[in-house]
There are 2 protein chains.
Amino acid sequence: MLCNTVTTASVKGKDTRTHLDREQVLAAAAKLVKQQGPQSLTMRKLAAELGTAVTSIYWHVGNRESLLEALVERTVADLGEIRPRGTTPEQRVASVAGALRRQLREHPHLVAMVHERGLTERMFLPAQQALVREVHAAGLHGSRAAGVVRAVQFHVVGHVLVERQRERAPAQRPGEEELWGALTAAGDPALARALSVPADPEKVFDTSVRALVSGLLRT
Amino acid sequence: MLCNTVTTASVKGKDTRTHLDREQVLAAAAKLVKQQGPQSLTMRKLAAELGTAVTSIYWHVGNRESLLEALVERTVADLGEIRPRGTTPEQRVASVAGALRRQLREHPHLVAMVHERGLTERMFLPAQQALVREVHAAGLHGSRAAGVVRAVQFHVVGHVLVERQRERAPAQRPGEEELWGALTAAGDPALARALSVPADPEKVFDTSVRALVSGLLRT
DNA sequence: ACCTGAACACCGTTCAAGT
DNA sequence: ACCTGAACACCGTTCAAGT
């Protein structure tokens, strides 16, 4: 399958016309995927970017799918640690949620790619372990603690997926303004005003995580 | 763009070789998309299914994108109402969340398709209105009420997205069992056991919605 | 008004042939 | 060991030509 020959050409030469390198292929692919998502990665575009024939790429990475797989595995391995902050258990659990969200947002397409390739559990293990420590500190154990860990994980991942969709989505029609005219607001103009402006994901995340965690940790 | 000529050929004839119909195209496309998702819909497969030339489809629906758009708009328009159940505000809000989840789960690819085409606000309006009523009944108003509505909506949509990913994902490697051996469990074997078995999305949804709503509605 | 096949510009992938 | 172009089976889409 994969020849893992790491040659000595560590300098990613453009001028120095050295041999094509598995490393170079991965780097160029990572650049394309990080910006535009995996479906924007075509072997032909990648070859053009690298200045080689399309088929050379196949020699180094096998095929498109194993290229993406290598990319995903490397990214997951390079994810930083998660350090809880704050004093109360609520604060510390919420800070783990926030850190996880930030991690995922740095790699907008990673969650889906990881899932499709079956690496989800490995990816979330560090966050889960951090959560377990804090939930233990809050006095919860056993299956109840497990339930809390999973609820937080689902919530964060779900929120990030929604956020990402919002960012990629075009302008909504009809916009929220038209939909939430005074008519639909049931005599609450302040609410109508609030709902007629696009949601601020940051705020939604804060309020929902705070509410979720306090609801979960209450005995 | 779109000729909305609804002919009299309402019988979806296979034996009766009547003219091809915009309606037939939409129906066949809906079938393919509902099962396998939009990326499985190719014009050539669709033509084969309908027994016509590929290019005939273009006459009726313009192109692939407007076909998908028509599909999405129809599905959104056909979504049922949302009726809250229960007595306490917490129960009623949670029941709206549950109903919304059920709606979305019936159309596994709808959320993403709706988003890509800018119909999100319209799609969620009924659920939002139901939520507003219940949140009002719980004594919350103005921007705080709006925050609650949005937190619930984000949470449900996010959960459904995560659920859908889990279903489509292959077997995870390494599995949860290996990861959550006694080693990583920090002296809590019951928790390790709970986390080493795949998550039950139904349960996660229940506990997280309950916690979220109670956290949100507390004054 | 509706259908058709040929043609074009894209894909991923294989393979025999080069050095 | 590494690179190459030709070829294959797929895409969506356009268009001139049919009835």
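Letters go in sequence order (proteins before strands), and every chain restarts at 1.
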Closest nucleotide among C:dT13, D:dG12, C:dT4 to the B:S56 side chain: C:dT4

Considering only heavy side-chain atoms of A:V54, the closest of C:dT14, C:dC3, C:dT13 is C:dT13

Rounded to the nearest Å, what distance is computed from the CD atom of residue A:E65 to the C1' atom of nucleotide C:dC11? 16 Å

What is the separation between atom CG on A:L46 and atom P on C:dC11, rounded to the nearest whole Å? 12 Å

Can you figure out which of C:dC3, C:dC11, D:dC3 approaches the side chain of A:K45 most closely? C:dC11

Tell me the interatomic distance from B:R44, atom CZ, to D:dT13, atom C1', rounded to whole angstroms. 9 Å

Do you see a donor-acceptor pair shorter than 3.5 Å between the side chains of A:S208 and A:H155? yes

Output the single nucleotide from C:dA7, D:dC3, C:dC3 whose closest atom is nearest the side chain of B:L20. C:dC3

With distance as the sole criterion, is a donor-acceptor pair present between the side chains of A:E121 and B:W180 under 3.5 Å? no

Consider the side chain of A:H60, meaning its heavy atoms from C-beta on, and name the nucleotide among C:dC2, D:dT4, D:dC2 that approaches it most closely. D:dC2

Under a 4.0 Å threshold between the charged nitrogen and the carboxylate oxygen, would A:K31 count as salt-bridged to A:E49? yes

Assigned partner base of D:dA9, Watson-Crick or wobble definition, under 3.5 Å: none

Contact class for A:L41 (heavy atom, under 4.0 Å): base, sugar-phosphate, or nothing? sugar-phosphate

Taking only Lys NZ, Arg NE, NH1 and NH2, and the carboxylate oxygens of Asp or Glu, determine whether A:R117 and A:E69 approach each other closer than 4.0 Å. no

Taking the minimum atom-to-atom distance to the side chain of A:W59, which one of C:dT14, C:dA6, D:dA1 wins? D:dA1

Please name the pair of heavy atoms, one in A:H60 and one in A:L20, separated by the smallest distance, quoted to 0.1 Å. CE1-O, 3.2 Å

Whole-Å distance separating the CZ atom of A:R64 from the P atom of C:dC10: 17 Å

In whole angstrom, what separates A:L50's CG from D:dC2's C1'? 15 Å

Testing C:dC3, C:dC11, C:dT14 for proximity to the side chain of B:H19, the answer is C:dC3

By nearest atom, which of the nucleotides D:dG12, C:dT4, D:dA1 is closest to the B:M43 side chain? D:dG12

Protein-nucleotide distance (B:D21, atom CG; C:dA1, atom C1'), rounded to Å: 13 Å

Under a 3.5 Å limit on both distances, the Watson-Crick or wobble mate of C:dT4 is D:dA16

Side chain of A:T42 only, heavy atoms from C-beta on: which candidate in C:dG12, D:dC2, D:dG12 is closest? C:dG12

From OH of B:Y58 over to P of C:dC2, roughly how many Å is that when rounded to an integer? 19 Å

Interatomic distance where CD belongs to A:Q39 and C1' belongs to D:dC11 [whole Å]: 15 Å

